[in-house]
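Working notes, structure below.
Keep in mind that what you see is a predicted model, and the values were worked out from it rather than measured. Residue indices begin at 1 and follow the sequence shown.
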Amino acid sequence: MSSSSRPSRSFGSVSVAMVTPMKPDGTIDIATSRRLARHLVDSGADGLVLNGTTGESPTTHQPEKDEFVAAVVDEVGAEAMIIAGAGSNDTAHAVRIAEAAERTGVHGLLVVSPYYNRPSQEGVYRHLRAIVESTSLPAMLYDIPGRTGVAIGDEILDRLAEHPQIRAVKDATGNVAQGFDRMRRTGLEYYSGDDNLNLAWLVHGASGLVSVVSHVEAGRYAEMVGAVDSGDLYRARDLSAKLAPVVEAIMGGGQGAVMAKAALQLQGHLPHRSVRSPLVEANAAEMADLRTALTLHGLLEDSDR
């Protein structure tokens, strides 16, 4: 595979769906947010997605969202693609989030289909387009029907793909075959939104991944992308096999934001694993299992506490 066959990457190749560090009282820890962003970029991430679901976007609010984003942009914005989530089931609210994110200096938006309301496909189309057109930023659509209750259908995806600001899709549908067809048909960049399917997406031509597990494995995922780019699929397969138990430990044992924060606390990158209700922080048994898994796979020293 030659370098000329590499996919375009408007949003980087390894983006971390970054948690929002919090203090025990639930306030956002801005100083730790800066340190974590620096650590993730230094570890191999070339993109950070802020205020997404893993960042507890449903329970964070403005102006704290803006303060958090502005701090990360200031810390690593010259070195990585900073993408802000602009999600709500209220179109006007999502537009306000997007407009505020643009003012903080982010480089792009992640725009999810409206959840819970279950609008028609025309309603989904108008919602997504309104958010995108409220800024001048490039946008990545987020298709995750398991959470939103409504998928982005083929007909409206084709219409949205014609919009010059819409560059990519984060796909968490679990349907790689459908995504492969959509990539070819629309010309949009595709990003894996399921850590257990990252390799499958990459070998099907995806531009990269938006990952929760990359909080602890950004470097290895960057190696996987490089291996696929160079045509070394055996190396990519071996890396995927090494990553699989870590994916299971973080994504298979609990909620992604909860377990990612737990892992980062065990590694010393977060002083607290605090989350906001209705999420509940990892309990002692979950922490013990996670500690064992991370230690077994070389991500935590036996002496770490």
message = If you define the side chain from C-beta out and look only at heavy atoms, does anything of Phe68 sit under 4.5 Å from Pro21?
response = yes
ask   = What distance separates His272 NE2 from Gln265 CD, expressed to the nearest 0.5 Å?
value = 8.0 Å
inquiry  = Please list all pairs meeting salt bridge (Lys or Arg N to Asp or Glu O under 4.0 Å) that have one or both residues in residues 8-30, counting only residues at least two apart or in different chains.
reply    = Arg9-Asp229
request  = Test side-chain contact (heavy atoms from CB on, under 4.5 Å) on Leu299 and Leu266 and set out the steps.
outcome  = CA-CA 10 Å; Leu299 297 171; Leu266 287 172; over 6 Å; no
remark   = In this structure, CG of Leu243 is separated from CG of Asp238 (nearest 0.5 Å) by 11.0 Å
query = Between Val19 and Leu279, is there a shared hydrophobic cluster once you connect ILVMFWY residues whose side-chain heavy atoms come closer than 4.5 Å?
reply = no
ask   = Around Arg147, counting heavy atoms of other residues, nucleotides and ligands shown, do more than 12 lie under 6.0 Å from its CZ?
value = no
inquiry  = Would you call the rings of Tyr191 and Phe11 parallel, tilted or perpendicular, taking 30° and 60° as the class edges?
reply    = perpendicular
inquiry  = Can you confirm whether Ile83 sits close enough to Ser15 that some side-chain heavy atom of one is under 4.5 Å from a side-chain heavy atom of the other?
reply    = yes
inquiry  = Distance check, rounded to the nearest 0.5 Å: Tyr125 atom OH versus Ile152 atom CD1?
reply    = 12.5 Å
query = Between Met259 and His215, is any pair of side-chain heavy atoms under 4.5 Å apart?
reply = no
request  = Mind checking the OG-CD1 spacing from Ser120 to Ile156? Nearest 0.5 Å is all I need.
outcome  = 8.5 Å
message = Minimum heavy-atom separation for Leu199 and Ala236, please, with both atom names.
response = CD1-CB, 3.8 Å
inquiry  = Which heavy atom of Ala262 sits nearest to which heavy atom of Ala282, and what is that distance?
reply    = CB-CB, 3.9 Å
query = Roughly how far, to the nearest 0.5 Å, is the CG atom of Leu128 from the CD1 atom of Ile166?
reply = 7.0 Å
request  = Would you kindly say whether Ser88 and Asp90 are connected by a side-chain donor-acceptor distance under 3.5 Å?
outcome  = no
query = Would you say Val72 and Met18 make side-chain contact, with heavy atoms under 4.5 Å?
reply = yes
inquiry  = I'd like to know if Val176 and Ile144 are part of one continuous hydrophobic network [Ile/Leu/Val/Met/Phe/Trp/Tyr, side-chain heavy atoms within less than 4.5 Å].
reply    = no
task = State, to 0.1 Å, how close Ala84 and Ala101 come at their nearest heavy-atom pair, and which atoms those are.
result = CB-CB, 3.7 Å
request  = Could you tell me the separation between the CG atom of Leu109 and the CD atom of Glu102, rounded to the nearest 0.5 Å?
outcome  = 7.5 Å
ask   = Where do Glu217 and Lys242 land on the salt bridge (Lys or Arg N to Asp or Glu O under 4.0 Å) test, with the steps shown first?
value = CA-CA 10 Å; Glu217 286 281 26; Lys242 290 176 182 177; over 6 Å; no
Distance-only side-chain donor-acceptor flag, Glu99 / Ser134, under 3.5 Å = no
ask   = If you draw a 6.0 Å radius around CZ in Arg185, do more than 12 non-hydrogen atoms from other residues or ligands fall strictly inside?
value = yes
task = Kindly assign one of parallel, tilted or perpendicular to the pair His204 and Phe180, based on the angle between their ring planes and the thresholds 30° and 60°.
result = perpendicular
inquiry  = To check you understand the geometry: which heavy-atom pair defines the closest contact between Ala94 and Gly87, and what is its length?
reply    = CB-C, 4.5 Å
key: Identified side-chain hydrogen bond (donor to acceptor under 3.5 Å, both in side chains) partner of Asn198 from the options Ser240, Ser192, Ser214   = Ser192
message = Could you check whether atom CZ of Arg126 has more than 12 heavy atoms from other residues, nucleotides or ligands sitting under 6.0 Å from it?
response = no
inquiry  = Distance alone, cut at 3.5 Å: any donor-acceptor contact between the side chains of Thr104 and Asp66?
reply    = no
request  = Could you walk me through whether His297 and Val216 pass the side-chain contact (heavy atoms from CB on, under 4.5 Å) test, one step at a time?
outcome  = CA-CA 11 Å; His297 293 93; Val216 298; over 6 Å; no
message = Between Val280 and Val258, does the side-chain contact (heavy atoms from CB on, under 4.5 Å) criterion hold? Intermediate values first, please.
response = CA-CA 7 Å; Val280 178; Val258 170; over 6 Å; no
ask   = When hydrophobic residues are tied together by side-chain contacts of less than 4.5 Å, even through go-betweens, does Val14 share a cluster with Met251?
value = yes
key: Side-chain touch Val16/Val41, heavy atoms, less than 4.5 angstrom   = no
request  = Following the transitive rule for hydrophobic clusters with a side-chain heavy-atom cut-off under 4.5 Å over Ile, Leu, Val, Met, Phe, Trp and Tyr, establish whether Ile97 and Val95 coincide in one cluster.
outcome  = no
inquiry  = Quick check: do Leu137 and His107 have side-chain heavy atoms less than 4.5 Å from each other?
reply    = no
message = Arg34: which residues meet the side chain to side chain contact (heavy atoms under 4.5 Å, CB included) condition with it, sequence neighbours left out?
response = Ala71, Asp74, Glu75
ask   = Can you find a pair of side-chain heavy atoms, one from Arg159 and one from Arg129, that are under 4.5 Å apart?
value = no
Single-linkage hydrophobic cluster, 4.5 Å side-chain cutoff, Val210 and Val247 together = no
message = Side chains of Ser277 and Thr59, heavy atoms from C-beta outward: is any pair under 4.5 Å?
response = no
task = Mind running side-chain contact (heavy atoms from CB on, under 4.5 Å) on His127 and Val124 for me, showing each step along the way?
result = CA-CA 5 Å; His127 174 86; Val124 174; 5.7 Å; no
message = Can you pull out every salt bridge (Lys or Arg N to Asp or Glu O under 4.0 Å) where at least one residue sits in residues 43-63? Sequence neighbours excluded, please.
response = Glu56-Lys261
